[in-house]
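Quick note on labels: first sequence line is chain A, next is B, and so on, each numbered from 1. Bear in mind that the values here come from a model prediction, so they are computed numbers and not experimental data.
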Number of protein chains: 2
Amino acid sequence: MSYSLTSSRNQTFISTLREKGLRPTKQRACVYGVILDKRDHPTADDIYDRVKRHLPGTSFATVYNCLETLVGCGLVRQVNMDRSPTRYCPNLSPHAHFRCIQSGKIYDVEIDKDTLSRMQALVPEGFEAENLDLSFSGTGTPPHD
Amino acid sequence: MSYSLTSSRNQTFISTLREKGLRPTKQRACVYGVILDKRDHPTADDIYDRVKRHLPGTSFATVYNCLETLVGCGLVRQVNMDRSPTRYCPNLSPHAHFRCIQSGKIYDVEIDKDTLSRMQALVPEGFEAENLDLSFSGTGTPPHD
DNA sequence: TCAGGAATTAGAATAATTCCAATTTAGCTT
DNA sequence: AAGCTAAATTGGAATTATTCTAATTCCTGA
């Protein structure tokens with residue numbers, strides 16, 4: 001029953017971890033997999049629920065550990081909006097997030113290269129930005145949902 | 001001993017609250033004042049400490065209540081970076097934040113009109129953004145500090 | 001196969017924030 | 001100025017997401 005990744009995902013997964021000298025465990029694979037399978041923005045809680053269906057013995061601590069590892073490897077991204085629980089995102093391309101105040105749903109928003117470099121240019125002399133986060137909140141009525 | 005605002009601040013403070021039918025209490029004035037006096041990015045905890053020096057009886061709940069009120073009125077801004085405690089900011093002009101990973105300090109970063117409107121333009125059809133947040137993190141060695 | 005470090009586990013601990021019920025206060029009315 | 005009422009404040013308990021801890025289990029290389 002233990003979750004298995006598609007072979008292409010599995011290759012990315014294994015090689016990325018190995019590069020950092022980390023072990024590709026079944027829990028890590030499962031956490032990674034459930035985030036990729038449903039391309040939403042699950043919380044650690046959501047992920048825990050999904051993982052438990054495949055690996056019932058998994059603990060919360062493990063989910064957090066795995067998430068930290070995966071984020072550290074750049075396999076998933078962390079999304080923090082206001083004070084709400086951290087969410088995790090399989091979309092690795094540079095993008096912003098939009099949160100609908102009514103539904104709580106989070107949507108990816110593409111950032112074009114030009115706007116991205118303008119934003120990066122805002123960082124003043126003497127500062128070196130490793131990370132950029134852009135998020136919007138408001139109301140959204142997406143065409144298909 | 002109870003804190004008093006400068007008269008120009010006091011006018012803004014009183015009229016802004018009155019517009020919303022809210023009472024300009026001494027606790028609210030004090031919270032507002034200590035944020036404006038030291039133009040840094042204090043946490044609720046920092047603010048609590050400062051307020052206590054002027055109004056020793058003040059409780060934590062009140063500080064949180066006042067902050068919520070002031071943010072709701074637009075008198076101060078709330079700054080959330082990752083999971084770290086919420087910070088409060090007296091700078092109301094549109095600006096981004098830069099957090100230095102080493103020192104934990106937060107700096108304001110100006111956003112020019114042009115870049116701002118480009119960012120706003122990223123929001124797709126069917127979505128209405130009420131709020132935009134841009135933040136950077138990395139290392140910073142500002143000239144004077 | 002075995003040793004030793006890495007990963008996982010359950011549950012306790014932490015930290016920021018919110019909730020609650022009781023008390024106090026501000027701003028009318030008279 | 002005194003009384004009234006809703007709004008604000010208070011202390012402490014509760015909540016919630018997350019992290020820590022110490023014990024156990026699991027990989028992986030020798």
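- Between Y48(A) atom OH and dT19(D) atom P the separation is 16 Å, expressed in whole Å.
- Nucleic acid contact for T69(B): none, since no nucleic acid atom lies under 4.0 Å from a heavy atom of the residue.
- Salt bridge status for R50(B) with D40(B): present, with a side-chain N to carboxylate O gap under 4.0 Å.
- Sorted by first and then second residue, the pairs that involve residues 56-81 of chain A and meet ring pair (Phe, Tyr, Trp, His ring centres under 6.0 Å), not counting sequence neighbours, are Y48(A)-F60(A), F60(A)-Y64(A).
- Under the side chain to side chain contact (heavy atoms under 4.5 Å, CB included) criterion, E19(A) pairs with no residue, sequence neighbours left out.
- Here the C1' atom of nucleotide dA17(D) and the CE atom of M81(A) are 18 Å apart, to the nearest Å.
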Checklist entry - Once each nucleotide of nucleotides 16-26 of chain C is scored for protein heavy atoms under 4.0 Å, what B/S/- sequence comes out, 5' to 3'? => result SBBB-----BB

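- Taking a 4.5 Å side-chain heavy-atom cut-off between Ile, Leu, Val, Met, Phe, Trp and Tyr, the cluster of I106(A) extends to V79(A), M81(A).
- Atoms CD1 (I47(A)) and C1' (dA17(D)) sit 13 Å apart, rounded to a whole Å.
- With sequence neighbours left out, the side-chain hydrogen bond (donor to acceptor under 3.5 Å, both in side chains) criterion links R99(A) to D82(A).
- Rounded to whole Å, the distance from NZ on K52(B) to C1' on dT10(D) is 10 Å.
- Inter-axis angle, ends of the helix from dT1(C)-dA30(D) to dT30(C)-dA1(D), five pairs per end, rounded to 10 degrees: 30°.
- We find that CG of L67(A) is positioned 11 Å from P of dT8(C), with the value rounded to whole Å.
- For the pair L122(A)/L134(B), a side-chain contact is recorded, criterion being any heavy-atom separation below 4.5 Å from C-beta on.
- With hydrogens and angles disregarded, no donor-acceptor distance shorter than 3.5 Å links the side chain of D49(A) to the backbone of D46(A).
- Taking only side-chain nitrogens and oxygens, Q27(A) never comes nearer than 4.0 Å to OP1 or OP2 of dC26(D).
- Relative ring orientation between Y32(A) and F13(A) is described as parallel, the plane-to-plane angle staying below 30° on a 0-90° scale split at 30° and 60°.
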